[in-house]
Amino acid sequence: MLENQPTMDLEQAPAGVNPMIPNTARIMDYLLGGTQHFASDRGVGDHAFVNWPGETGGVEGVRVDLHAARDSLRRIVGHLAGECGIRQFLDLASGLPTMGNTHEAARAVAPGCRVVYVDSNPSVAAHGQYLLASDPDTVFLEADFRDPQDILRRAAATLDFSRPVGLILFGVLHFVDDSDGPQRILDELLGAVPSGSYLALSHFAKDDADTAMNAMLTEMDKQTGESVTRRTRSEVERFFDGMDVVPPGVVETELWRPPQGASGPKPLPMWSGLARKR
Ligand SMILES: C[S@@+](CC[C@H](N)C(=O)[O-])C[C@H]1O[C@@H](n2cnc3c(N)ncnc32)[C@H](O)[C@@H]1O
């Protein structure tokens, strides 16, 4: 448990947010050190991950992994808003817009960036809408990323699809198995944005070199009941077919342009990558 970390009281729950039913987005906020969660989320965060695998492992290991993933999102979005000049983003299955999520990362580099967040959990969407209520350049949609046409239609009220867009699918496609058409989702999204747009992905890794780790992760997926499709580096690289992949390519999350001299506990294998639409 993080000492002295503030947690919201039940009566602080925004309209449409059920503080009694924990959700992944709020648990993530808690584990990342945020303030937008309730006792129910803290309970899960403190107890559900005691067997989390990895070098650090346990609840502390989850924190290491989540921070590595969020730091990599921040670097990629910062690169898009900086070197690539992207000013509008569509972030699918975003979780809560807290703790350095996309609009904060983009605006740290280029104030005024527009962001549409999408999450299918009604409680997460209501919470996101509450947090962004006073921000005219962000919108939080309750929608399912498996229906890109619905998202694109609704996002068009905020984003200009005649100009390049940063598509952010962080920690998303591993919830889509091959029969469910991850490529179809990408094709529909990329078909709607102009040349010069970018696709950013992060994805749970299947690590060919470490079958013991794979076995442990598969066992954990069984315990959590989550249906996760882990993919190898080349399988994730294939999602970028026909695009210009930005160096260093598809790499372990912590290795996507790490800050000079950065090192820390090694997170679980996860791929990150960024590519430009031709
Ligand atoms: C792990 S969390 C946040 C991940 C976030 N993109 C990140 O990298 O920090 C995953 C979120 O995906 C949402 N989600 C799961 N399935 C979804 C779907 N089919 N469409 C949209 N959101 C979904 C969940 O509600 C949850 O808030």
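Counting starts at 1 for both ligands and their atoms, in listed order. Just so it is clear, the structure is predicted and the values come from calculations on it, not from any experiment.
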Heavy-atom closest contact (Gly128 atom, Pro97 atom, distance): CA-CD, 3.9 Å
With no hydrogens and no angle check, is any side-chain donor or acceptor of Arg70 less than 3.5 Å from a backbone partner on Met99? yes
Is a side-chain donor or acceptor of Gln5 paired with a backbone partner of Gly34 at a separation under 3.5 angstrom? yes
At what distance is the nearest protein heavy atom to atom 19 (N) of ligand 1, and which residue and atom is it? Asp144 OD1, 2.9 Å
When you compare ligand 1 with Ser120, is there at least one nitrogen or oxygen pair between them that comes in under 3.5 angstrom? yes
Is the centre of the His103 ring less than 6.0 Å from the centre of the Tyr117 ring? yes
Do Arg153 and Asp150 meet the salt-bridge criterion of a basic N to acidic O distance under 4.0 Å? yes
Which of the numbered atoms in ligand 1 are under 4.0 angstrom from any heavy atom belonging to Ala25? 27 (O)
Polar-atom distance check: Leu92 versus ligand 1, any N or O pair below 3.5 Å? no
Test of proximity, Arg70 against ligand 1: N or O pairs below 3.5 Å: yes
Surrounding CZ of Arg184 (heavy atoms of other residues, nucleotides or ligands, distance under 6.0 Å), is the total greater than 12? yes
Ignoring hydrogens and angles, tell me if any N or O in the side chain of Tyr30 forms a donor-acceptor pair with the backbone of Ala39 under 3.5 Å. no
Could you measure the distance from the CG atom of Asp180 to the CD1 atom of Ile185? Nearest 0.5 Å is fine. 6.5 Å
Which heavy atom of the protein is the closest neighbour of atom 1 (C) of ligand 1, given with residue, atom name and distance? Met28 SD, 3.4 Å
Determine yes or no for a side-chain-to-main-chain donor-acceptor pair under 3.5 angstrom, with Arg276 supplying the side chain and Val245 the backbone. no
Close approach of Asp119 to ligand 1, heavy atoms, under 4.0 angstrom: yes
Atoms of ligand 1 under 4.0 Å from any heavy atom of Gly95, numbered from 1 in the order shown, are 3 (C), 27 (O)
With a cut-off of 4.0 Å, which atoms of ligand 1 are near a heavy atom of Asn121? 25 (O)
For Arg146, take its heavy atoms, then give the atoms of ligand 1 lying under 4.0 Å from any of them. 19 (N)
Any nitrogen or oxygen of Gly171 lying under 3.5 Å from a nitrogen or oxygen in ligand 1? Just yes or no. no
How far is atom 12 (O) of ligand 1 from its nearest protein heavy atom, and which residue and atom is that? Ala93 CB, 3.3 Å
So, 4.0 Å and heavy atoms of Ser202: is ligand 1 close enough to count as a contact? no
Parallel, tilted or perpendicular: which fits the ring planes of His127 and Phe38, with parallel below 30° and perpendicular above 60°? tilted
Is the contact between Ala143 and ligand 1 made by the side chain, the backbone, both, or neither, using heavy atoms and a 4.0 Å cut-off? backbone
Ala69: heavy atom below 4.0 Å from ligand 1, yes or no? no
